[in-house]
Amino acid sequence: MELYEHKKIEQKWREKWETSGVYKTTEDADKEKFYILDMFPYPSGVGLHVGHPKGYIATDIIARYKKMKGFNVLHPMGWDAFGLPAEQYALKNKVHPRVATQENIATFKTQIEKISLNYDWDREFSTTDPDYYKWTQWTFLQMFKKDLVYRSHEPINWCPSCKTGLANEDLEDGACERCGTPIEKKKMPQWVIKITDYADRMLADLDGLDWQENIKQSQRNWIGRSEGAEIEFRIKNEELKSTSQKVILMHGKDTDPSQKWYPWLAAEMQKKKIPFVAPVLLHADDPHMDEWLSQLDDTKPTEDTILIGHSRGGVAILRWLEKQPENFKVKKVILVATNYAKCDEKHTKDNTHGFYTDAGYDFEAIKKHCDDFVVLHSTDDKWVSFSHGETNAHGLDANFIKFNDRGHFGSTLKKQEIPALLDLISGVQDISIKVFTTRVDTIFSGAFVILAPEHELVEILKEKISNGTEVEEYIQAAQKKTEIDRTAVDKEKTGVELKSVTVINPATGQEIPVWISDFVLAYYGTGAVFADAHDARDFVMAKKYNIPLTVSIRPKSDAAWEKVKNFEECYEEDGILVNSGDFDGLTSEEARSKITQWLAQKDLAEEKTSYRLRDWVFGRQRYWGEPIPLIHCEKCGVVPMPEEELPLVLPDVEHYEPTDTGESPLAGIDEWVNTECPQCGGSARRETDTMPQWAGSSWYYLRYIDPKNDTALVDPQKEKYWSPVDFYVGGEEHATRHLIYARFWHKFLFDIGVVSHDEPFAKLQTVGLIIAEDGRKMSKRWGNVINPDDVIERFGADTFRTYEMFMGPFDASVAWNTEGMIGSRKFIERIWKIYYRDYVGGETPNALKKTLHKTINKVGDDIEEMKYNTAISAMMILSNDIEKQKSISTEDFGAFLKILCPFAPHITQELWEQMGNTSFLIEENWPVYDEKYLSDDEIELVVQVNGKVRDKIMVAADIAEDDAKEKALASKKVQKFIDGKKVRKVIFVQGKLVSIVV
RNA sequence: GCCGAAGUGGUGGAAUUGGUAUACACGCACGACUCAAAAUCGUGUGCUUCACAGCAUGAGGGUUCGAGUCCCUCCUUCGGCACCA
């Protein structure tokens, strides 16, 4: 008998398969397609451990099975290689990340190849290939153009150890997910993608997906939708009210009111019902002061007017004020990027037509006409130098607001970028506090309002608050706390009342106090809540500070009501309304919609949905990532790079260490950073932040469909054929981040017509972990890592594959057990022995024939359901049976090899060849089972008495009910148990049992 | 706290969805072969009991002729979310 030498056999077939191209994807249009995908790996320096290939083996089995079933199968593999892990590894080992990545990919690939996975390597790519990330950048630009990308000035999560900003998704319990360092809040402008625009669709579309429930649930939790209402609490302060107020917007040179920051500002003011005038100023390209002044006169400013001027429009306002009569006043003047004197050198030649004098402005005269000046200025404004802003502010005693990166407040600025401006004009309106609540039913007991310490109104109300110092101290203290401390659940509630500020409860009309407390989160809802007796946190806080409460929800039980009524207990559940005017007696649920409607009619409430999901902070201040293809122009603001110039290649440099300044290392590479503005041709700087690690992996599955296309992300015809991914297999750890980002990215591509389906992955299956023999996670740290190379060397790839699939249910995590592998090895060897003991070639006994056909049936079904462990056990039973019977026909043994081939491709292929075949098994058809062998003629009929098994009798499979009952009752063993008792009932289940009740 | 998944021999795990609980494999014990060992093959292996039989699927209750499977209460483990209004 020939020895089973796995090394020789496996090597031989690996080479044959590779050179024959049998793994290449076929695309005949008349065949059905099947796209099966693994979550591509992030190649690390450590290499693979035995846990990694588990999922790959499973997809390989399905891919082979589907191919044998006649499908065009797409089964690709590639590499996710940008991001921090590779960069940190590179820094530590002093190799360039590009080199380290190449090396790691090579290691991974060698390891993967030993397992003989049937990937079509022609479609391989890495997210770090410029040909690939060209399209990552392209998609980003499309998002930018669709206004899905904005500049945020909110404080971001900063990891002081990784020296980069992080998205919400990159945190674990308030610490950096990578290094465990508690994150800090850092104020720095950031590119952010409006993923929240897609929250609702991402949530709703989960229902149509064939995904595991736990993954869907994770997604739902992450999105965190809650339905409720936004309710307005008006501030009781007559001074802040004004009915005849008006805003006048004066634009600058070379522009008009529809440009610059006016469109959003106008829209915002319309929304807030603030009347405004924005005249089209005459001869904007060569303005004359007298024309502009008379136009400003025409707008008829009054003492309730707020004047806003941009650039030379601001100059006009100041010149106009200089000339006003003694007792005239306006309410407020806001100067944005406004000159003190002439502009820079370039403009000295301009005919200023009365705009500038060498003496500057007559500040004393101007100040008589307004008590409230605000100057907005950016330090990088190349048209109006910083000294102008400072001089103006100083001369006017203005509130000077300094920015760092707004340039000349150019045309692409978005409203998020000048929140200060909005705050300023919001001061003209009736001030109200908007709160979000899911419990409108408790509004009648709303006893006070709580703001987050960062709430914008705290600043606006500053002057009205009589205990300003105390409030300031509380805010300072809150800001010093880390995110972990801020959000600890069982932390004691603290707060400070904003004295002299009260609001009106819109339901009761009562005046109630306003507090700030750090348990209210600025970033959720509106950053403000109303507090009452029906929320545990509010309840505790009210008790602590003796804030009077009332109750409005009555529990069903009287005993509970007694306690609730006397404030001995906080009742948070739904109940029946009390103390709620006309709504008394309603259930909470009824009351919620009715009260919302009632308040909405009075314009004091509207239905609202809030999400936990936050926008995607998209910039990383690190080297190893896709450069963000945006250009900062001094004159034009932020300008997208022309698409035809993509990819914007990451410069190859020697030094790429992160900086401490919050600036990307790319900022130090002058020859890369300095560029021309694509719009005006002037000097400009590139954006220096790079994209987060998750960008490249958000759409890679589309690129496999058409990996070499350099004119489109993917060819629409090919996309239509192969999309969506039919089966996606990977780790549960990607339940939130990767799958959220990829679904979002895909939906965006769907919206702009690049893809034809609105969801990328039709079916998703997670892989269970393989834990080490000691029960811990496999890790270098514990020294318990098992390398697949060693296992394959000793046992062979066929045994390795079979064992990993036999270990347990595919999605369960199971501990590795090298001893257990012996069973799989024995099974593989048994197949070999069956052939070499000459059992093959004769007749197949009938009983064996039945086992065979049942097994063919079961293995097919089990593969479809990913129940590999039972598929293998069925084949073990079959091989045990063949050994017992010692005879099987050539054809039947061939069928066995075919169904085993997806699991153990080498040995089955070798034996197939030994039997005289020249074809590849993977190109054979999947065997068809014969119905007639699936059923037995005789079956074992179980006889139960009072539910207990008392006898088993052999009967014909199609035995009639009466015959079966008769036989059962006649059984001697059964007689023993029914003797002397009365038979009350006899139940017959076809093919199974007879149950006798006595 | 909310939501989700799961709990079966010494071990990994089966069980056609309400119908013989413990398939298959590991381990262990005994036997065959061998001078011996390994490998291989065979037999046995939930617990109690000489046996008859009884008891066993995290615990307790329920529905049913019959429950690992369905319902209720609770415990434990894992995963997601969490001062989210």
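Just so we're on the same page: letters track the sequence lines, and every chain starts at 1.
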Picking from B:C83, B:G80, B:G13, which would you name as closest to the side chain of A:S218? B:G80
Which part of the nucleic acid, if any, lies within reach of [X] when heavy atoms closer than 4.0 Å are counted: base, sugar-phosphate only, or nothing?
| X | value |
| --- | --- |
| A:F806 | base |
| A:V814 | sugar-phosphate |
| A:K948 | sugar-phosphate |

Taking O4'-C1'-N9-C4 for purines and O4'-C1'-N1-C2 for pyrimidines, is B:U17 syn (within 90° of 0) or anti? syn
Hey, is the side chain of [X] pairing donor to acceptor with the base of [N] inside 3.5 Å?
| X | N | result |
| --- | --- | --- |
| A:Q944 | B:G19 | yes |
| A:K992 | B:U16 | yes |
| A:E940 | B:U20 | yes |
| A:N221 | B:G80 | yes |

Passing option when A:W515 is tested against A:I547, A:V449, A:L498 for side chain to side chain contact (heavy atoms under 4.5 Å, CB included): A:I547
Around [X], counting heavy atoms of other residues, nucleotides and ligands shown, do more than 12 lie under 6.0 Å from its [atom1]?
| X | atom1 | result |
| --- | --- | --- |
| A:R794 | CZ | no |
| A:E966 | CD | no |
| A:K967 | NZ | no |

Separation between the C1' atoms of B:A29 and B:G46, rounded to whole Å: 16 Å
Rounded P spacing from B:A59 to B:U69 in Å: 11 Å
Can a donor-acceptor pair be found between the side chains of A:S226 and A:Y524 at a distance below 3.5 Å? yes
To the nearest 0.5 Å, how far apart are CG in A:D538 and CD1 in A:I450? 5.0 Å
Between the side chain of A:E773 and the main-chain N/O of A:T818, is any donor-acceptor distance below 3.5 Å? yes
Given that both pair distances must be under 3.5 Å and the pair must be Watson-Crick or G-U, what runs of three or more consecutive pairs involve RNA chain B? B:1-7 with B:75-81, B:10-12 with B:24-26, B:27-32 with B:40-45, B:46-48 with B:53-55, B:58-62 with B:70-74
